[in-house]
Amino acid sequence: MADSGLYVHVPFCASKCPYCAFASCTRSGHLAPAWRDAVLAEADRRAGRFGTFDTLYLGGGTPGLLADDLLAGLVTGLRRALPFAADVESTIEANPADVTPARAIAWRAMGLNRVSLGVQSFDDDDLRFLGRRHDASQAAAALVALRDAGFANVGVDLIYGLPGQALATWRDTLDRALSFGPAHLSCYGLTVEPRTPLARSVHAGRIVMPDESRFEAFFLETSRRLAASGFVHYEVSNFAHGLLFASRHNGKYWHHVPYLGLGPSAHSFDGARRWWNVRGVEPWLRRLGQGRLPTAATERPTAEQRRLETLALGFRTSSGVVLSILRATPGWQAILDAQVADGRLEVADGRAVPTVRGLLVADALARAFA
Amino acid sequence: MAERRNFSIIAHIDHGKSTLADRLIQHSGIIADRNFRDQILDGLDLERERGITIKSQSINLPYTSKDGREFELNLIDTPGHVDFTYEVSRALASCEGVLLLVDATQGVQAQTLANLYLAMEHDLEIIPVINKIDLPSADIDMARMQIERDLGLDGANALLVSGKQGTGVEELLEAIVERIPPPTGEVGDPLQALIFDAHYDAFRGAVAAVRLFSGEIKAGDLMRPMAIGKAYKVEEVGVFRIVREPRPILRAGDVGYIIAGIKSVADTRVGDTITMDNNPAPIALHGFRESKPVVFSSLYPVASDDYESLADSLERYKLNDASLVYTKDSSAALGQGFRCGFLGLLHLEIVQERLEREFDQSLILTAPSVIYKFTMEDGRALDVDNPAHYPDPAAIRGGEEPYIRASILTPDRYMGAIMKLCLERRGVNSEIAYPSPGRMDIKFDLPLAEVIFDFYDRLKSITQGYGSFDYEMLDYRKGDLVKLDILVNGEKVDALSMIVHKDRARARALNACERLKEEIPRQQYKVAIQGAIGGTIIARETITAFRKDVTAKCYGGDISRKRKLLEKQKAGKKRMKMVGDIEIPQSAFIAVLKTSDDE
């Protein structure tokens with residue numbers, strides 16, 4: 001069996017972005033030491049059934065905010081508590097504003113070998129709209145610092161489809177990102193998540209989101225441009241400069257490989273059961289402090305539920321879905337033929353694999369075979 | 001022996017009839033308080049939920065008057081809806097008096113008037129009762145005045161009660177025994193028992209609720225419902241005291257039940273007279289009428305495999321509802337189903353809801369239709385209640401459709417909106433009366449077909465619930481009747497076809513197209529929805545293709561949520577019907593039967 005993934009949720013941010021729905025808080029930095037100790041405590045209690053880990057992913061929140069010594073203590077503590085493979089992929093998510101040459105070197109020294117940098121855009125107007133703490137020049141400086149520190153595997157996160165954004169502006173952002181030679185790009189269409197300030201603005205009519213046909217244009221242009229630069233479009237929003245640089249950690253989520261999530265709101269899957277932790281930092285700390293597991297809920301997907309998950313996840317990736325999974329659907333062959341004829345799926349090596357246009361309607365493909 | 005008083009309560013929906021009945025039942029002490037639940041007479045879940053009575057029942061209440069006399073009061077409950085006017089009339093025929101309930105906050109409504117006229121036809125003693133006097137908005141003087149002006153009754157004589165709080169119930173019971181005359185009828189004459197209600201008991205068969213006008217009946221007798229002509233041996237007689245309470249004998253003047261091993265309520269028709277097989281009454285009590293369906297719709301199972309199960313459910317349902325008629329039907333879009341006839345639109349909704357709830361059926365209904373009459377060029381006459389049987393238009397000489405006389409009672413501020421609605425629905429011969437200041441009685445001749453298409457809901461909505469509606473059937477009138485077809489992606493969906501008046505065809509077609517556009521999920525390609533008469537397209541909407549159907553992010557925390565959504569969508573697919581390549585959800589078939597709220 002493949003090695004497991006380890007995710008650590010860092011629930012701290014310096015500021016909240018108006019579009020973000022992830023669990024984080026801006027006024028609890030003083031809880032960081034307690035949080036670190038509790039993550040290690042949770043690791044001890046949950047480690048048993050996961051075997052060896054070949055990924056460590058520090059996500060959030062803003063992991064790059066953590067002070068070097070605190071972070072070093074966390075990483076060392078995890079290595080002591082859990083078995084890791086020799087070639088572990090260790091990722092930290094960071095905001096360009098927090099990346100200095102010294103800190104980049106410190107991260108390398110801790111054994112982190114991959115950075116996912118939340119650049120989002122190289123256009124300062126875009127960055128202001130997105131409520132980011134950094135500007136384009138800081139993003140460039142951060143990328144240089146990471147390269148100079150010796151990070152060979154840097155991922156750049158970008159967002160497109162902002163209200164009123166011109167395709168040319170987005171092309172410039174993509175080109176600027178490519179000029180730094182990143183190994184990986186995540187390009188997300190801006191999504192209105194419920195209960196965010198962005199959602200309220202859209203609801204109130206203060207902001208008008210681009211329509212689907214504009215979104216489609218951005219999506220196709222992104223895929224085309226990155227393919228021309230040697231990037232594999234291996235997931236709806238993810239591109240790797242050769243599949244070697246595909247996010248090993250995120251692949252666990254998409255292929256039913258076990259992963260352990262530590263920290264508030266983190267999700268886990270041990271191969272049979274899924275569970276997720278309570279969302280708030282303080283309730284999560286309290287539970288562990290009382291010697292209890294901070295689990296909010298557990299589920300054990302049935303075989304049919306696993307099949308539906310495979311459909312929902314598989315059509316989002318360039319590996320697609322094996323035909324044996326599709327055969328459970330009444331009339332599957334006709335459905336498949338229609339999708340192939342319409343250019344959304346291709347059949348190769350016993351798998352139904354989405355085309356770029358197929359990725360754009362991955363949820364509809366899953367529904368068609370549900 | 002205790003004296004008898006047989007009475008009924010007539011009231012508009014929501015005027016508190018069931019609550020008042022609850023108080024009378026509680027006062028009688030036949031049921032311990034701890035076992036009491038609200039609206040105890042309304043046996044069906046549906047009735048309790050909607051707060052209306054669908055099936056009438058009776059209850060036998062012991063009462064000792066202030067002067068020490070013993071009584072058995074028979075309260076005969078009546079259905080509170082215009083579709084069931086005939087059932088109401090049979091219930092009233094079983095009484096000597098009625099309590100006419102008027103809501104102190106709302107005053108007299110159309111239904112109250114209609115039922116009052118029924119009570120007057122039966123020459124009943126009428127006791128006006130003003131209810132809900134406990135509410136802050138109660139206007140007792142207004143209610144009294146309306147009772148005098150609108151109803152022509154003595155308002156000063158009205159009793160004041162609060163069914164909710166129990167105020168005035170003692171006085172009401174005294175008034176019942178004082179004012180309502182005792183039943184007459186000779187025990188020695190041949191048996192005449194009027195069936196005013198019947199329901200089906202899985203163990204005992206049909207249970208007929210009866211009022212004896214003459215003679216007597218007991219277990220072992222050989223009785224005969226006169227419209228049926230078959231004899232049955234009586235197994236048990238008794239009275240309803242929430243549960244059945246067997247009695248050795250029922251006599252002239254009594255209200256109770258008869259069980260005689262009858263397999264279906266079809267043999268205990270409401271309005272029929274039960275007599276003795278060996279000593280029959282010379283004639284039946286007058287007024288028996290076969291209930292005739294006026295509204296027709298086809299029922300289809302959402303999943304074609306469920307056809308047998310639907311057939312079985314309809315058969316079992318009909319044991320309890322003789323007024324439902326049905327035959328087999330089939331549709332290219334929906335497969336095998338049943339064409340059903342109903343007493344009215346509410347009856348249709350009741351049947352649908354009970355089949356879905358009690359028999360666990362998932363149904364698709366086609367657009368309700370009335371019976372249209374066509375005269376053909378060759379002189380033949382043709383009755384058509386199903387758009388599938390609409391004749392070749394070239395062979396039609398003329399068509400006719402049924403009209404009703406609608407009576408709408410409303411506060412006068414809604415007059416403009418009501419006039420507009422009725423005129424839109426091809427109303428003619430309007431007549432307006434002002435029964436009391438601020439209130440109007442608006443009368444219209446309306447095609448029944450217009451009334452069964454979302455008329456009640458529209459009326460309720462434009463009058464904010466204050467308008468009340470009643471109708472009687474009038475006659476057939478000439479009309480230019482066409483068949484409107486609905487096409488989805490070029491394919492005719494036969495289950496959506498309807499016969500409509502030519503003047504209304506375009507409005508109906510537009511409405512259907514708009515509603516379908518809202519209900520049919522977007523596809524990966526553009527879908528046209530069209531309304532057509534013959535080969536002519538008269539309305540069109542387009543469902544645009546979706547360009548994007550994917551979420552940007554899907555990581556560890558999103559998987560369960562994504563799967564749950566997919567599970568829900570998968571379940572929804574079972575409730576879809578394929579027409580060509582397009583999946584049409586069940587909700588779409590329902591939506592076309594309604595107008596949009598902003599019409």
Side-chain angles (χ1 to χ4, degrees), chain A residues 5 7 9 22-23 57 59 159 161 186-191 193 211-217 219 235-237 249-250 252-254 256 259 261 265-269 274 276 297 299 301 304-306 308-309 311-313 315-316 338-339 342 344 359-368 370, chain B residues 301-306 333 335 488-491 517-527 542-588:
Chain A
Y7 175 80
H9 189 73
F22 285 108
Y57 194 102
I159 298 179
S186 295
C187 301
Y188 297 109
L190 178 62
T191 304
E193 300 286 351
D211 65 13
E212 281 181 12
S213 59
R214 267 200 85 62
F215 185 97
E216 180 188 35
F219 183 92
E235 198 261 357
V236 172
S237 306
H249 182 80
N250 287 339
K252 315 262 181 216
Y253 301 135
W254 302 328
H256 278 129
Y259 48 91
S265 84
H267 284 60
S268 302
F269 174 61
R274 287 183 196 293
W276 46 95
E299 64 178 20
E304 173 59 10
Q305 289 175 324
R306 288 279 288 268
L308 293 177
E309 289 177 1
L311 294 172
L313 300 170
F315 288 127
R316 296 179 59 90
Q339 297 294 353
D342 288 343
R344 295 188 188 86
L359 290 175
L360 191 52
V361 294
D363 290 349
L365 291 173
R367 273 203 308 280
Chain B
V302 172
S304 312
D305 317 353
D306 292 341
V488 175
N489 225 19
E491 296 224 21
K517 183 183 174 178
E518 288 163 17
E519 295 292 331
I520 296 176
R522 287 194 299 157
Q523 316 280 324
Q524 292 171 359
Y525 40 84
K526 194 166 77 173
V527 175
T542 305
I543 302 175
T544 55
F546 58 71
R547 311 294 281 269
K548 171 222 168 194
D549 191 350
V550 67
T551 54
K553 293 192 181 188
C554 182
Y555 297 115
D558 304 307
I559 297 171
S560 294
R561 191 167 5 111
K562 236 178 153 49
R563 184 202 68 228
K564 280 175 190 155
L565 179 63
L566 195 54
E567 281 180 295
K568 216 170 119 189
Q569 290 163 337
K570 185 187 168 193
K573 264 168 64 167
K574 288 196 184 138
R575 296 177 80 85
M576 301 256 201
K577 283 286 174 188
M578 288 297 286
V579 172
D581 292 335
I582 313 291
E583 286 170 340
I584 303 184
Q586 179 197 26
S587 59

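Within every chain, numbering begins at 1; the chains are lettered A, B, ... in the order of the sequence lines, protein sequences first and strands thereafter.
Of the atoms belonging to Ser213(A), heavy atoms from both backbone and side chain fall under 4.5 Å from chain B. Only the side chain of Leu313(A) comes within less than 4.5 Å of a heavy atom in chain B; its backbone stays farther off. For chain B, the nearby part of Phe22(A) is the side chain; its heavy atoms alone come within less than 4.5 Å. Only the backbone of Ala368(A) comes within contact range of chain B, judged by heavy atoms closer than 4.5 Å. Residue contact with chain A, scored on non-hydrogen atoms closer than 4.5 Å, involves the backbone and the side chain of Thr551(B) alike. In this structure, the portion of Gln339(A) lying under 4.5 Å from any heavy atom of chain B is its side chain and not its backbone. Interface remark: Glu567(B) contributes backbone and side-chain atoms alike to the contact with chain A (heavy atom separation under 4.5 Å).
Using a 4.5 Å heavy-atom cutoff, the side chains of Ile559(B) and His267(A) are not in contact. Using a 4.5 Å cut-off on side-chain heavy atoms (C-beta onward), His249(A) and Tyr555(B) make no contact. The closest side-chain heavy-atom distance from Arg367(A) to Asp549(B) is below 4.5 Å. The side-chain heavy atoms of Glu304(A) and Lys570(B), taken from C-beta on, include a pair separated by under 4.5 Å. Using a 4.5 Å heavy-atom threshold, the side chains of Val361(A) and Val550(B) count as separate. The side-chain heavy atoms of Arg522(B) and Glu212(A), taken from C-beta on, include a pair separated by under 4.5 Å. For the pair Ser560(B) and Glu299(A), the minimum side-chain heavy-atom distance is below 4.5 Å. Counting heavy atoms from C-beta outward, Lys562(B) and Leu308(A) have side chains that stay 4.5 Å or more apart.
The choice from Asn250(A), Leu360(A), Leu359(A) that makes the most heavy-atom pairs within less than 4.5 Å of chain B is Leu360(A).
Looking only at distances, no side-chain donor or acceptor of Arg274(A) sits under 3.5 Å from a matching main-chain atom of Gly556(B). Side-chain N or O atoms of Trp254(A) include one that pairs as donor or acceptor with a backbone N or O of Cys554(B) at under 3.5 Å.
Within 6.0 Å of the NZ atom in Lys564(B), the count of heavy atoms belonging to other residues, nucleotides or ligands exceeds 12.
Salt bridge present: Arg547(B) and Glu216(A) bring a charged side-chain N and a carboxylate O closer than 4.0 Å.
Between Arg316(A) and Lys553(B), the closest heavy-atom pair is NH2-C, 3.7 Å. In terms of heavy-atom proximity, Ala552(B) sits nearest to Gly189(A) at CB-O, 3.6 Å.
Phe219(A) does not carry Lys548(B) over the face of its six-membered ring by the limits of under 6.0 Å from the centre and within 45° of the normal.
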